2 protein chains.
Amino acid sequence: MARTHGSKAETTRPLIREAARSLFARYGYAAVSMRQIAAEVGVRVGTIYGYTDDKQALLADLLRTHMEELLADWQDAPALPALQRLERFVRFHIDCSLDRTESVFLAYMELRNLTPENRREIATLRRQYEDALEAILKDGVAQGVMQMADTRLATMALIAMLTGVTNWYRPGGRLDRDHVTRIYWDLARGAVGA
Amino acid sequence: MARTHGSKAETTRPLIREAARSLFARYGYAAVSMRQIAAEVGVRVGTIYGYTDDKQALLADLLRTHMEELLADWQDAPALPALQRLERFVRFHIDCSLDRTESVFLAYMELRNLTPENRREIATLRRQYEDALEAILKDGVAQGVMQMADTRLATMALIAMLTGVTNWYRPGGRLDRDHVTRIYWDLARGAVGA
DNA sequence: GTCTATATGGTGATAGAC
DNA sequence: GTCTATCACCATATAGAC
């Protein structure tokens, strides 16, 4: 990627990222043209290439940054009882999913539009995130406060269940976010036999 | 769509459907060209237009047929106790998801590439499917064999959880399908407080 | 029923002016 | 840092020969 400095660059760069994220999430990576992104930012298409090598790098950067932020923001507290850690995770994951719907959506379904190299990198980061949850479940089983036949499957099941809120949740809907989080926590707790 | 008859048509038509389904699922609707579909079938692009109005109709047909089959295949048995009906649903949904991974994937994430008209139609069918599950949960709560704060959220949570198997399940993997189904049934039963 | 040929317009990406 | 102009290519869809 071109290394640019100065004041203008640092206003345009985030605008490009945000436009790309928003458009990719709404229409899909393949359906969005560099011209559309440029138009959304208010520049011409040539300008975009001052900030990114190509369209692929734009997507890979979005996904990498998202997964790195997710991992950085999740501060597990292993000293806590497993059940409290799981409750924290449920709340954290739902909050992140609703605060960053676009990125969560992209990370989930634009993996296939990454080059194999980029895909491997993002998949590794995602695997780390899954492992963070599985560690809690293993801990809970070891402590005897949770029961499940397979912590790996339970991990995948919980993440799919929690991420699913983005499919139907709309701000101002029937239930507010806290309410939703409490209900999902009940479902999750039941699923892991706690 | 062009009405065609004769022997050749009825071999080519399903080939086009299968090629489109497979390619759309793998690369995404927007990323697949009519030329790619034609090449997969072994014909030239012009031939495709003898079987479909346009690319959009190809996608809409795939999704409509899939949802209609799903609804037709699900034969609920309301006379049964709610818990047994739920177990049937869990098994049914996982089996369908794994037998028809491509269609399930498309129905889940190519809605946004439908025209508003087509999207409404498919969304209505999906809603019927969700309602079939929710009816079981309401019944279970009424009978006192399940407990949950909100049957609608539990419905969405369960469907997301179950459909998630397509994200990681691979035939010949660590667990066979029956094993997976049993484990997910345990998770689902716990989630609904049974 | 399938082909070839074509109309029309959009695509990612680059070169070079300012 | 952003623009204009351009390249080479691919897209969807149609017309008409066979």
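Just so it is clear: chains get the letters A, B, ... in the order the sequence lines come, proteins before strands, and each one is counted from 1. The structure displayed is predicted, hence computed values, not measured ones.
Relative to the ring axis of Trp168(A), Arg152(B) does not place its NZ or CZ within 45° and under 6.0 Å from the centre.
Which of dA13(D), dT11(C), dT2(C) sits closest to the side chain of Thr47(B) comes down to dT2(C). Here dG12(C) is the nucleotide among dA13(D), dT2(D), dG12(C) with the atom lying nearest to any side-chain atom of Tyr49(A). Closest to the side chain of Tyr51(B), out of dT2(C), dT2(D), dT11(C), is dT2(C). In this structure, of dC3(D), dC3(C), dA13(C), it is dC3(D) that holds the atom nearest to the side chain of Val43(A). Taking only side-chain atoms of Asp54(B), from C-beta outward, the nucleotide of dA13(D), dT2(D), dG12(C) with the closest atom is dA13(D).
The nearest whole Å value for the distance from the CZ atom in Arg44(B) to the C1' atom in dA5(C) is 12 Å. As a whole-Å value, the separation of Tyr29(A) OH from dG12(C) P is 8 Å. Taking atom CD of residue Gln36(A) and atom P of nucleotide dG10(C), one finds them 11 Å apart after rounding to whole Å. If you take CE of Met34(B) and P of dT6(C), they are 21 Å apart, rounded to a whole angstrom. Rounded to a whole Å, the CZ atom of Arg35(A) is 15 Å from the P atom of dG9(C). Taking atom CD on Gln56(A) and atom P on dG12(C), their separation rounds to 13 Å, with Å as the unit. Spacing between atom CD1 of Ile48(A) and atom C1' of dT14(C) amounts to 15 Å, rounded to whole angstrom units.
Tyr184(B) and His93(B) form no side-chain donor-acceptor contact under 3.5 Å, judged by distance and modelled atom types alone. Side-chain atoms of Asn167(B) and Tyr108(A) form a donor-acceptor pair, as typed in the model, at a separation below 3.5 Å. Counting only N and O atoms by type, the side chains of Thr181(B) and Asp178(B) include no donor and acceptor under 3.5 Å apart. Inspection of the Thr151(A) and Glu134(A) side chains reveals an N or O donor paired with an N or O acceptor under 3.5 Å.
Across all strands shown, Val32(B) has heavy atoms under 4.0 Å from sugar-phosphate atoms exclusively, and none from any base.
An OP1 or OP2 oxygen of dG10(C) is reached within less than 4.0 angstrom by no side-chain nitrogen or oxygen of Ser33(A).
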